[in-house]
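Throughout, residue positions are numbered sequentially from 1 according to the sequence presented.
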Amino acid sequence: MRRFNVVLLLVLMLVACSNSEEEITGEITKIEAGMVYIDESPLKVKDTSQLEVVQNVKVTYIDKTATDDWDPNDFEVKNIEIME
């Protein structure tokens with residue numbers, strides 16, 4: 001029984017520390033050097049060739065930290081959808 005409790009605790013800790021997927025919707029205000037700014041919030045993007053300033057987009061990203069600050073190094077962009 002004790003082993004079960006330890007395993008359960010480890011599983012709960014891993015789930016609590018897992019990355020969370022989030023979305024941001026807004027207008028691209030700037031594109032430079034692999035960074036896309038959505039309403040002034042920067043995100044690192046590998047391919048910006050299909051993106052233009054003033055496009056409205058929905059970005060799905062993974063927040064790799066538990067902190068509340070906005071650091072582009074803490075995010076992994078999964079998808080960018082251009083809104084019509």
A.B. asks: Which residues end up grouped with M83 if you chain together Ile, Leu, Val, Met, Phe, Trp and Tyr wherever their side-chain heavy atoms are less than 4.5 Å apart?
C.D. replies: none
A.B. asks: Looking at side-chain heavy atoms only, is the closest gap between E81 and V57 below 4.5 Å?
C.D. replies: no
A.B. asks: Are W70 and I62 connected, step by step, through hydrophobic side chains (Ile, Leu, Val, Met, Phe, Trp, Tyr) whose heavy atoms are closer than 4.5 Å?
C.D. replies: no
A.B. asks: Indicate if L51 and V59 have the same hydrophobic cluster label, given that clusters are the connected sets of ILVMFWY residues with side-chain heavy-atom separations under 4.5 angstrom.
C.D. replies: yes
A.B. asks: Holding to side chain to side chain donor-acceptor pair (under 3.5 Å), I want the full list of residues that pass it with D39, two or more places apart in sequence or in another chain.
C.D. replies: none
A.B. asks: For residues 28-38, which side-chain donor-acceptor pairs fall under 3.5 Å, sequence neighbours excluded?
C.D. replies:
| from | atom 1 | to | atom 2 | distance (Å) |
| --- | --- | --- | --- | --- |
| T29 | OG1 | Y37 | O | 3.3 |
| T29 | OG1 | E40 | N | 3.4 |

A.B. asks: Roughly how far apart are E23 CD and E21 CD, rounded to 0.5 Å?
C.D. replies: 7.5 Å
A.B. asks: Any donor and acceptor pair, going by atom type alone, linking the side chain of D69 with main-chain N or O of D71 inside 3.5 Å?
C.D. replies: no
A.B. asks: Shortest non-hydrogen contact from P42 to P72?
C.D. replies: O-CB, 3.7 Å
A.B. asks: Could you walk me through whether E22 and Y61 pass the side-chain hydrogen bond (donor to acceptor under 3.5 Å, both in side chains) test, one step at a time?
C.D. replies: CA-CA 5 Å; E22 301 179 31; Y61 62 92; 3.3 Å; yes
A.B. asks: May I ask you to test the F75-I24 pair for a side-chain heavy-atom distance under 4.5 Å?
C.D. replies: no
A.B. asks: To the nearest 0.5 Å, what is the distance between NZ on K46 and CD1 on I80?
C.D. replies: 11.5 Å
A.B. asks: So which heavy atom on I82 is nearest to which on Q55, and how close?
C.D. replies: CD1-NE2, 3.7 Å
